[in-house]
Every structure is written in structure tokens, then in C-alpha cells.
Amino acid sequence: MRKSMVAGNWKMNGSSAFAAQMSEQFNQHAPTVSSVDVVLCPPAIYLSQVQGDAQGYACAAQNVHFAGSGAFTGEISVAMLNDIKCKYVLVGHSERREMFAETDAIIAKKMAVCVAASLVPILCIGETLVQRNNGEAFAVVKRQVLAALEDIDLKTNDIVIAYEPIWAIGTGETATPEQAQEIHAYIRSVLEAEISLEVAERTRILYGGSVSALTASELFSQPDIDGGLVGGASLKVEDFKIICSAAAN
Ligand code: 13P
């Protein structure tokens, strides 16, 4: 039985006051969603603050570098995330792939350093609209998953996968529960075929892309959707609470 997870990716939004408000609200909300792992993903500058206040939720960094330390201006390392007790890291978000030129090879390196440091990477994958219309969605997600897992042993390590079709991110156009379920089931079948049934059954696969307080419940009721990675709606406290509660059902 996989425990549900709902992660709120603030992207480059928020402030110190917003971070304090979210910490307080989600510490209070924790008892009602104790069957869900609630994860807040603030910008790096607020990560230490939000992690320091965490009681009823965990934190994820939005990004990490694959090098241990050194001359990488603007980057943060896995050791720094361990230092502040941050548990999760988003790896390979489509915005980083597209705008910051992150390749499958870079993502594989990041996955490997996270796992080696006992951080749990939340691997983001998903196809563009053109790829979907060309019938390439399955091939794209398979390629992204296998490339990212190249240097890690999933039999002894946990990761989370977030399927985020790029055409659904920030567009208000959510994948239908059937469209999402179809890809999630496929991703699980790839894990079974390439690694093992145990890994396929244990690995949580989240859906992301315009998840809202209205759409969450139906999406999360699909058998292979284990929760969500939420962008815009995670900035609205009441909406994000509803989404977290939807994963508890
Ligand atoms: P939206 O929920 O705003 O579409 O963003 C999804 C996302 O990219 C989360 O990582």
C-alpha cells in the first residue's frame, strides 16, 4: 500500500511572511491529513526557514547541483540539504529542462547524488503537446525514466516520480483522470519490466499539471495516481488544504 503524497511547488513565488503562514497552516492541518505526506517546496532562500518550522509536513528543494561543493555560483548541494534536514528534492522539472538546459544526462547525475546522500528525489517527467499529438507520450516518459535511473539501484533506494505533461502545466488544462491514469500505469509497467514488480508497486507516482481543488479528488482516485505535484494551487492556502485532503480519501 503506497502512502499518498501531495507536494506544493511554489516555484519562484512567495516571501518570508508567506513561508511562515504556510508552515503554521500546514502544521495545524497535519492531523487531518496524517495519511498523506504533505511536502512544501519553497524557493531555496526560504527552505531553511520552512524546514526549521516543519512538524506536520516535509520539505523539498526545487533543485540541487550534482557536484559535492566548489565553484558553482548560485547552486546548492546535497550536503547542504542534508545539513538543514530537507528530505526531498525535485529533479528534472520541465521548467529546468526547458529554461535551464537540463539534459537527461544531467538529471541522471542529480538522481545519483541525491540517492547517495539519502535524499529522496522527486523525478519530474512528461511530454510536450507536440509529442502527445505525435503519439510519442509513452516513448518520451519511458526514455526520461530510464535515463534518470541509469546510475541508481531502486531495489535499495526510494524515489518518487511526478508525471507532469508539459501541456498541462500552468495552463489550466488538466489531463483527464483517464489520460493521467493511462500514463501512470504505463510508467509502473516500465518499472516492473526494467526493475522489479516490488519496485513498481512501491514507487509513488504523482500527477502534476493544473491540479486544482476541483480536479484533485477524481485524479487521486485513479489506482496508479498516488497524489499530486501542485504548482499554482499550492500558493492558495485553502485550495492546497483541499487538495491535500483529497489525497487522504
Ligand atoms: P501548475 O499546478 O501551476 O500547473 O504547475 C504544475 C507544476 O509544474 C508543479 O511542479
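The residues of the chain are indexed from 1 along the displayed sequence. Numbering of ligands and ligand atoms starts at 1, following listing order.
Applying the salt bridge (Lys or Arg N to Asp or Glu O under 4.0 Å) test to residues at least two apart or on different chains, the pairs with a partner in residues 104-119 are Arg97-Asp104, Glu102-Lys110, Asp104-Arg143.
Among protein heavy atoms, the minimum distance from atom 5 (O) of ligand 1 is reached at Lys11 NZ, 3.2 Å. Looking only at protein heavy atoms, the nearest one to atom 2 (O) of ligand 1 is Gly231 N, 2.9 Å.
Here is the list of ligand 1 atoms found below 4.0 Å of a heavy atom in His93: 7 (C), 8 (O), 9 (C), 10 (O). Atoms of ligand 1 lying under 4.0 Å from at least one heavy atom of Ser210, given by number and element, are 1 (P), 2 (O), 4 (O). Shown in contact with Leu229 at under 4.0 Å from a heavy atom are these atoms of ligand 1, numbered in order with element: 9 (C), 10 (O). The ligand atoms of ligand 1 that sit less than 4.0 angstrom from a heavy atom of Gly232 are 1 (P), 2 (O), 3 (O). Atom numbering of ligand 1 starts at 1 in the shown order; those under 4.0 Å from a heavy atom of Glu164 are 6 (C), 7 (C), 8 (O), 9 (C), 10 (O).
With respect to Glu198 and Arg202, a salt bridge is recorded, a charged nitrogen being found less than 4.0 Å from a carboxylate O.
Residue Ala168 touches ligand 1 through its backbone alone, judged by heavy-atom distances below 4.0 Å. Contacts between Asn9 and ligand 1, counted as non-hydrogen atom pairs separated by less than 4.0 Å, involve the side chain only.
With contacts defined as side-chain heavy-atom distances shorter than 4.5 Å, the pair Val145/Leu191 qualifies.
No heavy atom of Ser212 sits closer than 4.0 Å to any atom of ligand 1. Residue contacts with ligand 1 include Gly209, since one of its heavy atoms falls under 4.0 Å from the ligand.
Not a single N or O atom of Gly208, backbone or side chain, sits closer than 3.5 Å to an N or O atom of ligand 1. Taking distance alone, with nitrogen or oxygen atoms compared against 3.5 Å, Thr171 stays at or beyond that limit from ligand 1. The shortest N or O to N or O distance between Gly170 and ligand 1 is below 3.5 Å.
Not one N or O on the side chain of Ser217 forms a donor-acceptor pair closer than 3.5 Å with the backbone of Ala246. Checking side-chain atoms of Tyr207 against main-chain N and O of Ala175 turns up a donor-acceptor pair under 3.5 Å. When atom types are taken as modelled, the side chain of Gln179 and the backbone of Thr176 share a donor-acceptor pair closer than 3.5 angstrom.
Not counting sequence neighbours, the partners of Arg188 by the salt bridge (charged side-chain N to carboxylate O under 4.0 Å, His left out) test are Asp224, Asp226.
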Inset, instruction - Verify salt bridge (Lys or Arg N to Asp or Glu O under 4.0 Å) between Arg204 and Asp158, making sure each step is shown before the conclusion. - result: CA-CA 9 Å; Arg204 292 183 283 189; Asp158 259 339; over 6 Å; no
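Taking a 6.0 Å sphere around NZ of Lys3, one finds it holds more than 12 heavy atoms contributed by other residues, nucleotides or ligands.
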